Protein chains: 2
Amino acid sequence: MQDKIAMTAPGGEALLFLTDDQIRRGIEAMYFAYRAFTSDPDLILAEMDYGRAHHRALHFIHRDPGLTVTALLDVLGVTKQSLNRVLRTLIEDGLVDSRVGRRDRRERQLYLTDSGTALERKLSETQRARLRTAFRTAGPQAVAGFRQVLEAMMDRDMLRQYRAFRDLPDTP
Amino acid sequence: MQDKIAMTAPGGEALLFLTDDQIRRGIEAMYFAYRAFTSDPDLILAEMDYGRAHHRALHFIHRDPGLTVTALLDVLGVTKQSLNRVLRTLIEDGLVDSRVGRRDRRERQLYLTDSGTALERKLSETQRARLRTAFRTAGPQAVAGFRQVLEAMMDRDMLRQYRAFRDLPDTP
DNA sequence: ATTGGAAAGTCAACACACCTGACGTAATAA
DNA sequence: TTATTACGTCAGGTGTGTTGACTTTCCAAT
């Protein structure tokens, strides 16, 4: 059941977990797991003519209420034209509130409305449920390894974004 | 550095790794890691008017040479119209060879040509390099956990596809 | 031998999410 | 005053996915 993961003596060369085949299995694991991971919210989103981009915007606005458009652009890594289309529909539909920046009035600070919060919760709950089950099944040690490997895969920029939010207040 | 992962006595309730915040971090880890994971091949693909769909087709044809269109459709989980557009360009460009099925002459069996093999290798090498580095950094225990959690996240169908290829010959 | 149906391929039309480039407006900073 | 930044928008394009309708090829059962 458990793959044999073995190391020879320190400095050894036969690191079974670095085999080409093991690496290939890692690649496919990423592919299939990510597909499963996005499938649940995709079903909900499709019903309301939204896509993953809407989900991502809701997620990061929820995580850091009051963040500016530029900050959101930065964390998502897309162009402003692309984000704007998504953001406009979310604002029109009353899920996101765009307020003039407090320090700098050029900036727009983004907040979820009540219904925006509700949809974000509904979408992420499906993913949380999946991850919770997977975490429980795999156990704490595996979860630690899961996060270690994923973090080691990230580029520096992404790792920075990933680590950025530890103890932020919910309302600035 | 290392997140505190703790369990109380068996049957305990304070499973820190199942905290809502820990789950959220898991969600973001998936998002950022997958983005990093696909960014390298995306750069290469963009240069040649290809996309991820082309990469995925090349990958699975490489993994299981001679598989039928239906089998590929099944593993990719897309419609035949969608796959066909991709497959047609790959065949036209001489990267994939489509041969009439041996058992059933209605079927098409798919093979990579030499240049197809070369491109698949070029694309996957970027991912393998990233994963190899991440695996080496995180260590064998973490890699085991990484795979355990990802497998636990998959749907049954995907897990079946994922497990399907262990000791297949390269040429049927 | 004819028929039913599966496998494969094709055409059309559409939606979504990304992109580049160019332009305009408002507000801060030099 | 001028330059820069932040934001929004128009236009045009690509890749990937969808439904629906249709034809051709071919195996298999009647």
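As the structure is a prediction and not an experimental result, all values here were calculated from the model. Proteins come first, then strands; the chains are lettered A, B, ... in the order of their sequence lines, and each starts at number 1.
- For B/Arg35, the side chain to side chain donor-acceptor pair (under 3.5 Å) partners at least two apart in sequence or on another chain are B/Tyr31.
- Between B/Leu87 atom CG and C/dA7 atom P there is a gap of 17 Å when expressed in whole angstrom units.
- Take A/Asp155 and apply the salt bridge (Lys or Arg N to Asp or Glu O under 4.0 Å) test, not counting sequence neighbours, and it matches B/Arg130.
- A heavy atom lying under 4.0 Å from DNA chain C marks the following residues of residues 52-59 of chain A, by number: A/Arg52, A/Ala53, A/His54, A/Arg56.
- A ring pair (Phe, Tyr, Trp, His ring centres under 6.0 Å) check over residues 69-98 of chain A, counting only residues at least two apart or in different chains, returns nothing.
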Once base and sugar-phosphate atoms are separated, protein heavy atoms under 4.0 Å mark nucleotides 25-30 of chain C, 5' to 3', with B, S and - as --BB--
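- Note: CG (B/Asn84) to P (D/dC22) measures 19 Å, nearest angstrom.
- Of the residues in residues 40-50 of chain A, those placing a heavy atom less than 4.0 Å from an atom of DNA chain C are A/Asp49, A/Tyr50, in numerical order.
- Across the protein-nucleic acid pair, B/Asp74 atom CG and C/dA7 atom P stand 11 Å apart, rounded to whole Å.
- The OH atom of A/Tyr31 sits 12 Å away from the P atom of D/dT16 (whole-angstrom rounding).
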Distance-only check: which donor-acceptor pairs under 3.5 Å involve side-chain atoms of residues 77-89 of chain B, not counting sequence neighbours?
residue	atom	partner	partner atom	Å
B/Thr79	OG1	B/Ser82	N	3.3
B/Thr89	OG1	B/His54	NE2	3.2
B/Thr89	OG1	B/Val86	O	2.7

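- With sequence neighbours left out, the side chain to side chain donor-acceptor pair (under 3.5 Å) criterion links A/Arg99 to A/Asp97.
- Following rounding to the nearest Å, B/Arg108 (CZ) and D/dC26 (C1') show an atom-to-atom distance of 10 Å.
- Taking atom CZ on A/Arg99 and atom C1' on D/dA6, their separation rounds to 19 Å, with Å as the unit.
- Taking atom CG of A/Leu83 as the reference point, atom P of C/dC16 lies 17 Å away to the nearest angstrom.
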Taking only N/O atoms, report every protein-nucleotides 19-21 of chain C pair under 3.5 Å with atom names and distance.
residue	atom	partner	partner atom	Å
C/dC19	OP2	A/Thr79	N	2.8
C/dC19	OP2	A/Thr79	OG1	2.9
C/dG21	N7	A/Gln81	NE2	3.4
C/dG21	O6	A/Gln81	NE2	2.8

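- A/His59 meets the side chain to side chain donor-acceptor pair (under 3.5 Å) test with B/Glu28; sequence neighbours excluded.
- One distance of note links CG of B/Leu159 with CG of B/Leu150; it measures 11.0 Å at 0.5 Å rounding.
- When atom types are taken as modelled, the side chain of B/Thr113 and the backbone of B/Leu95 share a donor-acceptor pair closer than 3.5 angstrom.
- Partners of B/Arg106 according to the side chain to side chain donor-acceptor pair (under 3.5 Å) rule, which considers only residues two or more places apart in sequence or in another chain, are B/Asp104.
- Rounded to whole angstrom, the span from the CG atom of A/Leu73 across to the C1' atom of C/dA17 amounts to 14 Å.
- When the side chain to side chain contact (heavy atoms under 4.5 Å, CB included) test is applied to B/Arg121, the partners found at least two apart in sequence or on another chain are A/Asp20, B/Arg128.
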